Amino acid sequence: MIDPKILFVKQFLATLSARNVFTIPINNDDFKQGVQNMADYFERYKERFGPYADNLELLFLKYSTNGDYSQFTRIIESFNGRIVSLDNPHYIKANIRLEADYVQELTHNKELKIRNDDFQELIGCFRKGAGI
């Protein structure tokens, strides 16, 4: 199995793409607030996030006094040139570049055993916090 954190972030991007969101903030306050909203939801309902919840929790840890979610950010940045493009000088936007069939594959993948309702709620939390 692929690292659960990587699969989760891919599914996150695929679900956004399925909702016609193709550009998200990254490395700025909007991104941090979006991830913070997701983290709050995740912590409230962690027991519903399946056998990989402890591993996924690492995505929602802040690693600096700036409140950076560096694991979440680094994973998205690692996709640069493949499934996202970070084509601006300061990497403050990530453009999602997923083919429709790959979006379907990722959004229907149940390896993480996360309920669809919970995943959709996380996406809503991110969108609200990030202002998209």
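Predicted model, so just to flag it, every value in this text is computed and none were measured.
In this structure the side chain of Ile24 reaches within 4.5 angstrom of the side chain of Leu13, judged on heavy atoms. No side-chain heavy atom of Leu106 sits under 4.5 Å from any side-chain heavy atom of Asn109. Counting only heavy atoms from C-beta outward, the side chains of Ile92 and Phe31 never approach each other to under 4.5 Å. Under the 4.5 Å side-chain criterion, counting only non-hydrogen atoms from C-beta, Asp101 is not in contact with Glu105. Looking at heavy atoms from C-beta onward, Met38 lies out of side-chain contact with Leu59 at the 4.5 angstrom threshold. Side-chain atoms of Arg115 and Gln120, non-hydrogen and from C-beta on, never get closer than 4.5 Å to each other. Within the 4.5 Å cutoff, side-chain heavy atoms of Ile132 are placed close to those of Phe126. With contacts defined as side-chain heavy-atom distances shorter than 4.5 Å, the pair Ile75/Phe79 qualifies.
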| request: Let me see the working for Ile26 and Val84 under side-chain contact (heavy atoms from CB on, under 4.5 Å), right down to the final yes or no. | output: CA-CA 11 Å; Ile26 189 169; Val84 300; over 6 Å; no
| said: Go through it in stages, so that I can follow the logic: the residues are Leu58 and Leu61, the test is side-chain contact (heavy atoms from CB on, under 4.5 Å), and I'd like the CA-CA distance, side-chain angles, deciding distance and then a yes or no. | reply: CA-CA 5 Å; Leu58 298 174; Leu61 293 178; 3.6 Å; yes
| task | Run the numbers on Tyr45 and Phe49 for ring-ring contact (aromatic ring centres under 6.0 Å, His included), then give the verdict. | result | CA-CA 7 Å; Tyr45 302 106; Phe49 281 85; 8.0 Å; no
| task | Apply side chain to side chain donor-acceptor pair (under 3.5 Å) to Gln36 and Asp40, showing your working. | result | CA-CA 6 Å; Gln36 180 64 57; Asp40 293 344; 2.7 Å; yes
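Remark: Leu98 CG to Gln104 CD distance equals 11.5 Å, nearest 0.5 Å. Interatomic distance, Lys46 NZ to Glu57 CD, rounded to the nearest 0.5 Å: 3.5 Å. The distance from the CG atom of Asp30 to the CZ atom of Arg127 is 13.5 Å, given to the nearest 0.5 Å. The CZ atom of Phe60 sits 8.5 Å away from atom CD of Glu43, with the distance rounded to the nearest 0.5 Å.
Taking both residues in full, the closest heavy atoms of Ala18 and Val103 are given as CB-CG1, 3.9 Å, listed atom of the first, atom of the second, then distance. Contact record, Leu86 with Lys93: CD2-O, 3.6 Å, taken as the closest heavy-atom pair. Residues Ile123 and Leu16 come closest through the heavy atom pair CG2-CD2, 3.7 Å. Contact between Leu112 and Leu7 at its shortest, heavy atoms only, is CG-CD2, 3.8 Å. When every heavy atom of Lys10 is checked against every heavy atom of Ile83, the shortest pair comes out as CG-CD1, 3.9 Å. Of all heavy-atom pairs spanning Pro4 and Asn55, the tightest one is CB-OD1, 4.0 Å.
Looking at Arg48, its side chain never comes within 3.5 Å of a backbone N or O of Arg44 through a donor-acceptor pair. Side chain of Ser17 to main chain of Ala14: no donor-acceptor pair is present (N/O by atom type, distance under 3.5 Å, no hydrogens or angles).
Hydrophobic cluster membership is shared by Tyr102 and Ile2, with clusters built from Ile, Leu, Val, Met, Phe, Trp and Tyr side chains linked at under 4.5 angstrom.
Other residues, nucleotides and ligands place no more than 12 heavy atoms under 6.0 Å from the CD atom of Glu99.
Classification of the Phe72-Phe12 ring pair by plane angle, with boundaries at 30° and 60°, yields perpendicular.
There is no side-chain donor-acceptor pair under 3.5 Å between Gln33 and Asp29.
Not less than 6.0 angstrom separates the ring centroid of Tyr52 from the ring centroid of Phe8.
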